[in-house]
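Let me begin by presenting the structure, written as structure tokens, before commenting on it.
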Amino acid sequence: MSVLPPRLLRLSFTPKNDFFHLKTKAFLVQKLSETTDLFLTNLLHTLILKLGFATDTFTANLLINKYVKLREINTARKVFDEMCEPNVVSWTSVISGYNDTSQPQTALSMFQEMHKARSVSPNEFTFASVFKACSALAESRIGKNIHARLEVSGLRSNTVMSSSLLDMYGKCNDVETARRVFDSMASYGRNVVSWTSMITAYAQNARGHEAIELFRSFNAASTNDRPNQFMRASVISACTSLGRLQWGKVSHGLVTRGGYESNIVVATSLLDMYAKCGSLSCAEKIFLRIRCHSVISYTSMIMAKAKHGLGEPAIQLFDEMVSRRIKPNYVTLLGVLHACGHSGLVNEGLGYLNSMKEKHGVVPDPRHYTCVVDMLGRFGRVDEAYELAKTIEVGAEQGALMWGALLSAGRLHGRVDIVCEASKRLIQSNQQVTSAYVALSNAHAVAGGWEDSESLRLEMKRGGNVKERAYAQNA
DNA sequence: ATAGGGTTAG
């Protein structure tokens, strides 16, 4: 950390606009651009305020960006709120700060405020950040709306712009629109990023064959661009989605010949592919060859072991990860809870749930609770599962998963009361869960209430769910 | 000058 010269600390009383003053400002801006340290940033911030430089938009923007990079979004926001004349860079920086701290909803409301303020118009940078927020929320309705504004702005014919737009549609599961954007880019140019976005859109929407087909066209069409680690990882995940080891092995051969086998991103997707296509031993081989591990490589391997019923080894791996000072995140803890739930380590699982915040700084969210509800239910502790589920505030989609888990537990352990309760909650969740109607109807039938059963089937018909019956009864 | 697009775990 660099140290401020004492001379500078006495400059607070310098009259404005003289030579020394300007020089001081240049010095502070210079120091601010260089530092990556929170303490020094705070110090420079104080000096900037004292000397009245905060009224300068450029200087304030630098401060905002510094705080965004340091993940101090609230401080960044405070600087922004106190600005005299925020420009498009100030707005965009704060929006992307909210993206970086997993607050896409706030990013979008900032964009709305910017629109209302009308003093500043969004540019390419702003739109790219806002589409990223839509992607994170998988909100295609809002995305479409902003897409319309982008078309009006005339900024659309730009490779970065269109790539972020097509990525947004892919993440919102609207592959057809994503493809239309991709096709429209032919006139002004695509690059590796835009091709990767489209391949990813297919891969993440269970259309692996089309992803691979597009990868082939890329190799056939482009003369300058070569596939990079991102594209290769995406192609491997497309193979994973096909669930066929054969395809996965082909892609493995391909990345080995390309010299990408030891790349961390590629290796992680390979290990996930092997785990999901049925070869845990190959997955482990890949894992052991990784030199520089990430939270994702560990999490993938923990998940793989968990899914194969290797609870203890998964937990051992978790301990190893923690001792190597790789910080687990919420997905890692989901893996650990899964490991417990698939190996009957029920009390251990409860222990992880109750201590994850304190020990690992990860606040349990509805997904973690769902996992534990499922675990308790599987191992006969249905009442505890129910008591826990009742206390969780949960959105409709996740709620359907949580009550669905409880429904299976009720069925598995012959608990008509739980089946009824879980089915009702499932139906309340308003998701398209026909199995809930079927289960509730069957439960009434079991309990002797044939009339209830019949009325439910009627309700189901009215709800247009009747076609799903055959599927639901197999599920 | 300061801000923006693609990837791997769920």
Side-chain angles (χ1 to χ4, degrees), chain A residues 26 29-30 32-33 56-66 68-69 76 86-97 99-100 122-133 135 155 158-168 170-171 181-182 185 190-201 203-204 225 227-238 240 260 263-273 275-276 283 286-287 290 293-304 306-307 328-335 337-338 365 367-368 370-371 398 401:
Chain A
V29 163
Q30 173 71 26
L32 192 59
S33 335
D56 173 53
T57 301
F58 176 73
T59 309
N61 284 349
L62 267 184
L63 264 177
I64 292 175
N65 289 318
K66 212 34 93 174
V68 164
K69 287 213 179 76
N87 64 10
V88 62
V89 177
S90 334
W91 282 98
T92 307
S93 302
V94 175
I95 290 172
S96 85
N99 279 341
D100 292 349
N123 64 12
E124 292 100 320
F125 289 80
T126 324
F127 277 114
S129 300
V130 171
F131 286 132
K132 195 168 187 153
S135 305
L155 298 166
N158 164 303
T159 307
V160 173
M161 222 51 292
S162 298
S163 297
S164 85
L165 186 62
L166 103 72
D167 176 65
M168 184 274 290
K171 298 258 165 41
V181 174
F182 180 76
M185 293 176 74
R190 304 165 177 146
N191 60 14
V192 195
V193 177
S194 30
W195 283 86
T196 304
S197 302
M198 194 61 231
I199 291 171
T200 306
Q204 289 174 343
D225 277 344
N228 61 14
Q229 53 168 343
F230 300 122
M231 187 180 271
R232 287 167 195 271
S234 192
V235 171
I236 293 164
S237 89
T240 310
Y260 277 86
N263 176 283
I264 177 72
V265 172
V266 172
T268 307
S269 66
L270 273 179
L271 107 70
D272 180 58
M273 182 277 292
K276 286 185 182 148
I286 304 264
F287 178 80
I290 295 176
H293 279 283
S294 67
V295 58
I296 300 183
S297 61
Y298 264 98
T299 305
S300 307
M301 199 63 227
I302 290 168
M303 284 284 178
K307 227 169 58 184
N329 62 21
Y330 77 96
V331 188
T332 321
L333 277 137
L334 276 176
L337 295 173
H338 263 121
D365 70 26
R367 289 166 291 196
H368 299 100
T370 300
C371 213
Q398 188 63 34
L401 290 175

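Note that the structure is a prediction, hence the values are computed from the model and not measured. Each chain gets a letter, A, B and so on, in the order its sequence line appears, and its residues count up from 1.
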How close do [X] and [Y] get, heavy atom to heavy atom, and via which atoms?
X      : Y      : answer
A/F287 : A/S297 : CE1-O, 3.6 Å
A/A275 : A/A304 : CB-CB, 3.4 Å
A/M273 : A/T240 : CB-OG1, 3.2 Å

Which residue pairs pass the salt bridge (Lys or Arg N to Asp or Glu O under 4.0 Å) test when at least one of the two sits in residues 158-168 of chain A, sequence neighbours left out?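 Only A/D167-A/K171 qualify under salt bridge (Lys or Arg N to Asp or Glu O under 4.0 Å).
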Of the listed nucleotides ([options]), which one gets closest to any side-chain atom of [X]?
X      : options             : answer
A/K132 : B/dA9, B/dA3, B/dG5 : B/dG5
A/N65  : B/dT2, B/dG4, B/dG6 : B/dT2
A/T196 : B/dT8, B/dA3, B/dG6 : B/dG6
A/I296 : B/dA1, B/dA9, B/dG6 : B/dA9
A/L62  : B/dT8, B/dT2, B/dA3 : B/dT2
A/S96  : B/dG5, B/dT2, B/dG4 : B/dG4

Mind calculating the distance between [atom1] ([X]) and [atom2] ([N]) to the nearest angstrom?
X      : N     : atom1 : atom2 : value
A/I290 : B/dA9 : CD1   : P     : 13 Å
A/D225 : B/dG6 : CG    : C1'   : 12 Å
A/Y298 : B/dT8 : OH    : C1'   : 17 Å
A/D167 : B/dT8 : CG    : P     : 10 Å
A/Y260 : B/dT7 : OH    : C1'   : 12 Å
A/I236 : B/dT8 : CD1   : C1'   : 9 Å
A/L155 : B/dG5 : CG    : P     : 16 Å

Identify, with sequence neighbours excluded, every residue that meets side chain to side chain contact (heavy atoms under 4.5 Å, CB included) alongside A/S90.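 Result, side chain to side chain contact (heavy atoms under 4.5 Å, CB included) vs A/S90: A/T57, A/N61, A/I64, A/F80, A/M83, A/P86, A/N87.
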Sugar-phosphate, base or nothing in reach of [X], heavy atoms under 4.0 Å:
X      : answer
A/T159 : base
A/V68  : nothing
A/T268 : base
A/E124 : base
A/K307 : nothing
A/K66  : nothing
A/S300 : sugar-phosphate
A/S164 : sugar-phosphate

Going by distance alone, is a donor N or O of one side chain under 3.5 Å from an acceptor N or O of the other, for A/T332 and A/N329?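 Yes, A/N329 and A/T332 have a side-chain donor paired with an acceptor closer than 3.5 Å.
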Any donor-acceptor pair under 3.5 Å joining the side chain of A/N228 to the base of B/dG6?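 Answer yes: a donor N or O sits under 3.5 Å from an acceptor.
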Distance check: side-chain N/O of A/Q204 vs OP1/OP2 of B/dT8, anything under 4.0 Å?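 A/Q204 to B/dT8 OP1/OP2: side-chain N or O found under 4.0 Å.
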